[in-house]
Asker: 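Starting off with a structure, shown below.
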Amino acid sequence: MAVLSVLDLAPITEGSNARESLLNSADLARHVEAWGYHRYWMAEHHNMTGIASAATAVALAYIGSQTKTIRIGAGGIMLPNHAPLIAAEQFGTLAALFPNRVDLGLGRAPGTDGATLRALRRTYDSADSFPADVQELLGYLADPKPDQKIKAVPGSGSNVPVWLLGSSLFGAQLAAQLGLPYAFASHFAPDYLHLAIEAYTNNFKPSQYLDKPYIAAALNVFAADTEQAAKRLKSSMQLQFMALRQGNPGPLPAPLDNIEDKVDPMALAAANHALKYSATGSAEQVHHYMRDFKKATGVNELILTCHAYDHKARLQSFEIAKDCRFDEPNKG
């Protein structure tokens with residue numbers, strides 16, 4: 001049985017706003033908690049008019065207040081955007097409010113464009129210190145040492161579980177070296193999935209955090225009553241991804257029927273490549289895809305995301321996905 005979790009990109013849809021998006025996120029978190037999902041993550045993105053989770057720790061505080069048992073966390077915080085002490089204090093605060101429920105996933109990308117990177121007061125070489133920054137952050141979250149002059153308050157002694165995230169080999173190799181759990185962003189960056197898993201597994205060093213490798217991989221899920229309805233649901237994300245690649249990020253657009261007949265085929269092909277790992281279709285088709293993905297990757301955990309225009313349809317995707325039985329063989 002695979003562990004199932006959720007990555008919520010907090011979509012702001014055309015004609016909507018950030019408030020409605022965050023209210024929908026809380027509703028989603030309550031539902032997936034009731035459905036038995038293990039954890040609920042949000043991600044740091046900046047200057048993205050279609051995503052409402054820029055202030056990730058603040059949004060997670062709201063989600064924590066609306067739920068009771070599900071783990072909450074970041075998938076992830078882009079650490080070069082922050083001083084490690086600030087990240088430790090923010091997630092230490094969350095851990096104080098929601099004991100034994102908080103995760104901190106760390107990435108090294110800016111999570112935005114070049115101009116916004118500068119507005120964040122960071123430079124392109126800020127990520128060069130990522131390995132040292134991760135270790136500094138781990139120190140702030142650990143039990144304090146007698147001679148430790150700087151403490152994260154809250155945060156010190158919280159031992160919030162830290163994950164490393166990635167879409168290339170760098171994060172996989174660093175997570176292996178530090179003995180941390182690793183999550184791969186295969187929902188939008190498919191190319192290095194299998195190589196990253198291999199690099200992490202083969203180079204893993206047991207640590208105080210983990211005695212053996214633990215891997216999660218993200219998967220888009222667009223599930224509906226029919227394959228046609230699921231494909232229509234997916235079209236919103238395809239449209240948004242095409243706009244993003246063309247330098248026009250915006251709110252999540254309304255879905256289209258037969259998108260392949262209405263957009264530039266080259267742009268659609270590029271979007272489809274980025275969204276390669278997407279379980280799309282009826283319950284049977286989605287479950288078949290999820291089982292195949294789990295078997296092909298061997299990951300411990302699937303982190304499902306559904307960037308859909310209609311909130312009720314998004315809920316239905318996660319409701320359908322939760323019923324996947326990984327011990328059942330695929331037919332055909």
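Hydrogens, waters and symmetry mates are skipped; everything else that's a heavy atom, side chains included, is used.
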Asker: For residues Pro161 and Arg71, determine if any side-chain heavy atom of one lies less than 4.5 Å from a side-chain heavy atom of the other.
Answerer: yes

Asker: Using a strict 4.0 Å threshold on nitrogen-to-oxygen distance, state whether Lys295 and Asp292 make a salt bridge.
Answerer: no

Asker: Could you tell me whether Arg108 sits above the aromatic face of Phe170, with NZ or CZ closer than 6.0 angstrom to the six-membered ring centre and within 45 degrees of the axis?
Answerer: yes

Asker: Indicate whether the side chain of Asn203 and that of Gln177 have a donor and an acceptor atom separated by less than 3.5 Å.
Answerer: no

Asker: Listed by chain and number, what are the side-chain contact (heavy atoms from CB on, under 4.5 Å) partners of Gln240, not counting sequence neighbours?
Answerer: Leu252, Pro253, His307

Asker: Quick one: closest heavy-atom pair of Ala176 and Ala199, and the distance?
Answerer: CB-O, 4.4 Å

Asker: With no hydrogens and no angle check, do the side chains of Asp103 and Trp41 hold a donor and an acceptor under 3.5 Å apart?
Answerer: yes

Asker: For the residue pair Phe318 and Tyr37, categorise the inter-ring angle as parallel (less than 30°), tilted (30 to 60°) or perpendicular (more than 60°).
Answerer: perpendicular

Asker: Any non-hydrogen side-chain atom of Tyr200 less than 4.5 Å from a side-chain atom of Pro213?
Answerer: yes

Asker: If I compare all heavy atoms of Lys151 with all of Pro144, which pair ends up nearest, and what's the gap?
Answerer: CE-CB, 3.8 Å

Asker: With distance as the sole criterion, is a donor-acceptor pair present between the side chains of Gln285 and Ser282 under 3.5 Å?
Answerer: yes

Asker: Show your working on side-chain contact (heavy atoms from CB on, under 4.5 Å) between Leu141 and Asn159 and close with a plain yes or no.
Answerer: CA-CA 5 Å; Leu141 295 173; Asn159 293 294; 5.8 Å; no

Asker: Under 4.5 Å between any side-chain heavy atoms of Leu174 and Phe130, yes or no?
Answerer: yes

Asker: Do Leu137 and Ile150 share a hydrophobic cluster, counting only Ile, Leu, Val, Met, Phe, Trp and Tyr and linking them when any side-chain heavy atoms are less than 4.5 Å apart?
Answerer: no

Asker: From Ile72 CD1 over to Phe98 CZ, what is the distance, rounded to the nearest 0.5 angstrom?
Answerer: 5.0 Å

Asker: Evaluate the side-chain contact (heavy atoms from CB on, under 4.5 Å) criterion for residues Cys306 and Phe222: first the C-alpha distance (whole Å), next the side-chain angles of each, then the deciding distance (0.1 Å), finally the verdict.
Answerer: CA-CA 6 Å; Cys306 180; Phe222 301 98; 4.1 Å; yes

Asker: Would a 4.5 Å heavy-atom cut-off, applied to side chains only, mark Met237 and Tyr309 as touching?
Answerer: no

Asker: Looking only at side chains, do Asp27 and His311 share a donor and an acceptor under 3.5 Å apart?
Answerer: yes

Asker: Is there a donor-acceptor contact under 3.5 Å linking the side chains of Glu301 and Tyr214?
Answerer: yes

Asker: Do we see a donor-acceptor contact under 3.5 Å between the side chains of Asp8 and Ser25?
Answerer: yes

Asker: Hey, would you say the Phe293 and Tyr277 ring centroids sit under 6.0 Å apart?
Answerer: yes

Asker: Would the number of heavy atoms belonging to other residues, nucleotides or ligands and lying under 6.0 Å from CD of Glu260 be above 12?
Answerer: yes

Asker: Decide side-chain contact (heavy atoms from CB on, under 4.5 Å) for Arg314 and Asn24; before the verdict, give the C-alpha distance in whole Å, the side-chain angles of both, and the deciding distance to 0.1 Å.
Answerer: CA-CA 10 Å; Arg314 186 161 63 130; Asn24 285 341; 4.0 Å; yes

Asker: Other residues, nucleotides and ligands only: do more than 12 of their heavy atoms fall within 6.0 Å of CG on Asn258?
Answerer: yes

Asker: Between Val160 and Tyr140, is a side-chain contact (heavy atoms from CB on, under 4.5 Å) present by the stated rule, with each step listed?
Answerer: CA-CA 10 Å; Val160 171; Tyr140 290 135; over 6 Å; no

Asker: Taking everything shown except Gln228 itself, do over 12 heavy atoms lie less than 6.0 Å from its CD?
Answerer: no

Asker: Got more than 12 heavy atoms from elsewhere within 6.0 Å of NZ, Lys262?
Answerer: yes

Asker: Are Thr280 and Val286 close enough that some pair of their side-chain heavy atoms sits under 4.5 Å apart?
Answerer: no

Asker: Any link between Trp163 and Leu169 through a network of hydrophobic side chains (Ile, Leu, Val, Met, Phe, Trp, Tyr) touching at under 4.5 Å?
Answerer: yes

Asker: Are side-chain N/O atoms of Asp191 and His273 paired as donor and acceptor at under 3.5 Å?
Answerer: yes

Asker: Any idea which heavy atoms bring Gly179 and Tyr209 closest together, and the distance?
Answerer: O-CB, 3.6 Å

Asker: Under 3.5 Å, is there a donor-acceptor pair linking the side chains of Glu44 and His46?
Answerer: yes

Asker: How does the hydrophobic cluster around Leu256 look, that is, which other residues are in it when side-chain heavy atoms under 4.5 Å mark a link?
Answerer: Leu239, Met242, Ile259, Val263, Leu268

Asker: Does either side chain, that of Arg101 or that of Thr67, offer a donor lying less than 3.5 Å from an acceptor on the other one?
Answerer: yes

Asker: Does any part of the side chain of Leu233, heavy atoms only, come nearer than 4.5 Å to the side chain of Ser317, both counted from C-beta?
Answerer: yes

Asker: Identify whether the distance between the nearest side-chain nitrogen and carboxylate oxygen of Arg232 and Asp310 falls below 4.0 Å.
Answerer: no

Asker: How many angstroms lie between CZ in Arg291 and CG in Asn330, if you round to the nearest 0.5 Å?
Answerer: 4.5 Å

Asker: So which atom in Ala88 and which in Ala152 form the shortest heavy-atom distance, rounded to 0.1 Å?
Answerer: CB-CB, 3.8 Å

Asker: In Å, rounded to the nearest 0.5 Å, how long is the span from CG of Leu210 to CG of Leu178?
Answerer: 11.0 Å

Asker: Between the side chains of Asp225 and Gln316, does any donor sit under 3.5 Å from an acceptor?
Answerer: yes

Asker: Applying side-chain contact (heavy atoms from CB on, under 4.5 Å) between Leu9 and each of Met42, His45, Met48, report the one that passes.
Answerer: His45

Asker: Are the side chains of Asp211 and Phe204 in touch, meaning some heavy atoms are under 4.5 Å apart?
Answerer: no

Asker: Are Val3 and Ile215 connected in the hydrophobic side-chain network, where two residues link if heavy atoms are under 4.5 Å apart?
Answerer: yes

Asker: For residues Gly75 and Ala43, report the shortest heavy-atom separation together with the two atoms involved.
Answerer: O-CB, 3.4 Å

Asker: Grouping I, L, V, M, F, W and Y whenever their side-chain heavy atoms are under 4.5 Å apart, do Phe188 and Leu193 come out in a common cluster?
Answerer: no

Asker: If we only count heavy atoms from C-beta on, is the Thr93 to Pro154 side-chain gap below 4.5 Å?
Answerer: yes

Asker: At their closest point, which heavy atom of Ile12 faces which heavy atom of Ser21, and how far apart are they?
Answerer: CG1-CB, 3.9 Å

Asker: In Å, rounded to the nearest 0.5 Å, how long is the span from OG of Ser5 to CG of Leu219?
Answerer: 12.5 Å

Asker: Rounded to the nearest 0.5 Å, what separates atom CG in Leu4 from atom CD1 in Ile303?
Answerer: 10.5 Å

Asker: When clusters are formed by joining ILVMFWY residues with side-chain heavy atoms under 4.5 Å apart, either directly or through shared neighbours, do Ile320 and Val32 land in the same one?
Answerer: no

Asker: Rounded to the nearest 0.5 Å, what separation is found between the NE2 atom of His187 and the NZ atom of Lys276?
Answerer: 15.5 Å

